[in-house]
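Notes to accompany the following structure.
Atoms within each ligand, like the ligands themselves, are counted from 1 in listed order.
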Amino acid sequence: MTAAGGGAPAEAGAPAARRQAGREAPDQPFASDHADQGRDLGSGADQRARPPQARPGAPRADHSRLTVLSGPSGVGKSTVVAELRSSSPEIWISVSATTRKPRPGELNGREYHFVDENEFDRMAAAGELLEYAEFAGNKYGTPREPVARRVAQGLPTLLEIDLAGARQVKQAMPEALLVFLEPPSWEELVRRLTGRGTEPPEVIERRLAVAKDELAAAGEFDVTLVNTSVTEVCRQMVTLINSNQ
Ligand code: 5GP
């Protein structure tokens, strides 16, 4: 996981949205019910590149396009996803598998499917992961089947993954909408990663090093949002996801 780049300058008080070039279900192998997941996107999002084509929240009968949220570690992706999970339950959010240990408050099957290295490697070898990557010493991957099923059902579907994973999804599913979340500034990203207090200093150092690369990759994404306000980013995400159906 690595990436980088170009930030949209944040306008006073409002997150920026830029167009660029371009979890729940009781299932196996990791069933988790994210009927309670969701989010929302609204004003401020530039709709020029891909105008809305369906009523917000209305699942299509055939299949929907996938939305991928990426950005550097510490930028606030998981906070945005947690907010969406509770505010927009119509959006299905993929639950990744990871070899990372759970943080306080994280639940197996909600934030992640916490697995050991052997199980992760087995899943990867068996082709059960849509994409996977190693990040700061741990492995992360998206279980393929639940995502394929939601997309086939026409349900708004969201992945929150790192840059390496986003690149793999783009390769496998070019129709996916890639959204990059940027921090308002580098100083703010350092503050968030350091202040989280959940990782030891050496892990923070590794994540910051990766974040530098990740920021440089913003130009590879379809849309960039600047995380000046979780509420506003969620509103923009909901708009983007609904317009992506
Ligand atoms: P964290 O350990 O902070 O929860 O996540 C570390 C990084 O891994 C974040 O950038 C997060 O977006 C990414 N990540 C989470 N799940 C996946 C996944 O399934 N695949 C990939 N490639 N990255 C993931």
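- Proximity of a side-chain donor or acceptor of Thr157 to a complementary backbone N or O of Leu155 within less than 3.5 Å is detected.
- On a distance-only criterion, Gly141 and ligand 1 share at least one N/O pair closer than 3.5 Å.
- By the criterion of a heavy-atom distance under 4.0 Å, the side chain of Arg207, and not its backbone, is placed next to ligand 1.
- Although no hydrogens or angles enter the test, the distance criterion places a donor-acceptor pair under 3.5 Å between the side chain of Asn108 and the main chain of Phe114.
- If you number the atoms of ligand 1 from 1 as listed, the ones under 4.0 Å from a heavy atom of Tyr112 come out as 1 (P), 4 (O), 5 (O), 15 (C), 16 (N).
- Between the side chain of Ser70 and the main chain of Ile161, a donor-acceptor pair closer than 3.5 Å is present.
- Looking at Arg122 and Glu128, a side-chain N of the basic residue comes within less than 4.0 Å of a carboxylate O on the acidic one, giving a salt bridge.
- Side chain of Glu106 to backbone of Arg103: a donor-acceptor contact under 3.5 angstrom is found.
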(request) Applying side-chain contact (heavy atoms from CB on, under 4.5 Å), run through Val147 and Thr142 and close with a yes or a no. (result) CA-CA 8 Å; Val147 173; Thr142 303; 3.7 Å; yes

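- Of all the atoms in ligand 1, the ones that sit under 4.0 Å from a non-hydrogen atom of Phe135 are 6 (C), 7 (C).
- Between Tyr140 and ligand 1, a contact under 3.5 Å exists for at least one N or O pair.
- No part of Gln168 comes within 4.0 Å of ligand 1, judged by heavy-atom distances.
- Within ligand 1, the atoms closer than 4.0 Å to a non-hydrogen atom of Arg100 are 1 (P), 2 (O), 4 (O), numbered from 1 in the order shown.
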(message) side-chain contact (heavy atoms from CB on, under 4.5 Å), that's the test. Do Leu181 and Thr224 meet it? Break it down for me.
(response) CA-CA 6 Å; Leu181 189 60; Thr224 295; over 6 Å; no

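- The Ala133 neighbourhood of ligand 1 comprises atoms 22 (N), with distances under 4.0 Å to a heavy atom of that residue.
- Contact atoms of ligand 1 toward Gly165: 22 (N) (distance under 4.0 Å to a heavy atom of the residue).
- A heavy-atom separation below 4.0 Å is found between Arg103 and ligand 1.
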(request) Carefully, step by step, assess Tyr140 and Phe120 under the rule ring pair (Phe, Tyr, Trp, His ring centres under 6.0 Å). (result) CA-CA 8 Å; Tyr140 299 81; Phe120 192 99; 8.1 Å; no

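- With Ser96, Ala166, Ser73 as candidates, the residue nearest to atom 18 (C) of ligand 1 on a non-hydrogen basis is Ser96.
- Residue Glu131 has at least one heavy-atom neighbour below 4.0 Å for each of these atoms of ligand 1: 18 (C), 19 (O), 20 (N), 21 (C), 22 (N).
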